[in-house]
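One structure below.
The model shown is predicted, which means the values in this text are computed figures rather than measured ones.
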Amino acid sequence: MSNKEKYVQAFVEALEVEESIVEGLEYQAIAEWDSVGHMSLIAAIEEAFDIMMDTDDIIDFSSYEKGKEILTSNYGIEF
């Protein structure tokens, strides 16, 4: 499974959404991505990539695209 597939799968599983809506998704744009959903998503991403995200990165993680940017620049995960 590619890193992009793992990333998308984390959204699908944590937020219980269809894969087709994941790209372009933003925090609180859907009911599932509230504060509780956000922490579930972060946990799923940390597990998928075997990382521990910094608090600042968790707070800054505001969209699908911003998450990719954070994971690439701060954790060396290429998409």
Side-chain angles (χ1 to χ4, degrees):
M1 185 180 287
S2 72
N3 283 343
K4 182 178 180 186
E5 290 169 330
K6 283 194 233 179
Y7 185 61
V8 169
Q9 193 61 34
F11 275 83
V12 169
E13 290 177 7
L15 301 179
E16 299 178 354
V17 295
E18 295 294 322
E19 189 174 323
S20 60
I21 71 159
V22 170
E23 277 193 53
L25 205 54
E26 295 186 4
Y27 178 59
Q28 295 188 333
I30 59 171
E32 293 84 358
W33 197 354
D34 58 7
S35 59
V36 174
H38 187 69
M39 294 315 296
S40 296
L41 175 60
I42 296 300
I45 290 169
E46 287 178 335
E47 185 176 321
F49 295 104
D50 196 28
I51 59 172
M52 267 314 245
M53 293 178 67
D54 292 334
T55 302
D56 288 344
D57 292 334
I58 293 169
I59 293 167
D60 290 343
F61 199 115
S62 58
S63 68
Y64 173 88
E65 288 301 325
K66 182 65 176 177
K68 283 174 52 176
E69 181 184 309
I70 289 168
L71 292 172
T72 299
S73 63
N74 298 355
Y75 301 93
I77 298 166
E78 297 298 324
F79 292 91

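Annotation: Glu19, atom CD; neighbour count of heavy atoms from other residues, nucleotides and ligands within 6.0 Å does not exceed 12.
In this structure, the separation between CD on Glu32 and OG on Ser40 is 11.5 Å, given to the nearest 0.5 Å. Atom OH of residue Tyr7 and atom CG of residue Leu41 lie 7.0 Å apart, to the nearest 0.5 angstrom. Taken from CG in Asp54 to CD1 in Ile70, the straight-line distance is 10.0 Å, to the nearest 0.5 Å. Distance check, rounded to the nearest 0.5 Å: CZ of Phe11 to CD of Glu18 gives 15.0 Å.
Heavy atoms only, all atoms of each residue included: Glu26 and Ser63 are closest at CG-CB, 3.8 Å.
With sequence neighbours left out, Glu13 forms a side-chain hydrogen bond (donor to acceptor under 3.5 Å, both in side chains) with Gln9.
Cation-pi geometry between Lys68 and Phe79 is met: under 6.0 angstrom from the ring centre, within 45 degrees of the axis.
Taking the six-membered ring where the residue is Trp, Trp33 and Phe61 present perpendicular rings, their angle passing 60° and hence far from 30°.
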Go through it in stages, so that I can follow the logic: the residues are Ile45 and Leu71, the test is side-chain contact (heavy atoms from CB on, under 4.5 Å), and I'd like the CA-CA distance, side-chain angles, deciding distance and then a yes or no.
CA-CA 9 Å; Ile45 290 169; Leu71 292 172; 3.9 Å; yes
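When side chains are defined from C-beta on, Thr72 counts as touching Glu78, because their heavy atoms get closer than 4.5 Å. Leu15 is listed as a side-chain neighbour of Leu25, based on a closest heavy-atom distance under 4.5 Å. Annotation: side chain of Val8 is in contact with side chain of Tyr64 (closest heavy-atom distance under 4.5 Å). Residues Asn3 and Phe49 form a side-chain contact, since some pair of their non-hydrogen atoms from C-beta on lies under 4.5 Å apart.
The backbone N or O of Met53 sits less than 3.5 Å from a side-chain atom of Glu46, completing a donor-acceptor pair. Under the 3.5 Å distance criterion, the side-chain polar atoms of His38 are matched with a main-chain donor or acceptor of Ile58. Side-chain atoms of Glu47 do not come within 3.5 Å of backbone N or O of Ala44 as any donor-acceptor pair. Under the 3.5 Å distance criterion, the side-chain polar atoms of Asp34 are matched with a main-chain donor or acceptor of Val36.
Between the side chains of Asp57 and Tyr75, at least one donor N or O lies within less than 3.5 Å of an accepting N or O.
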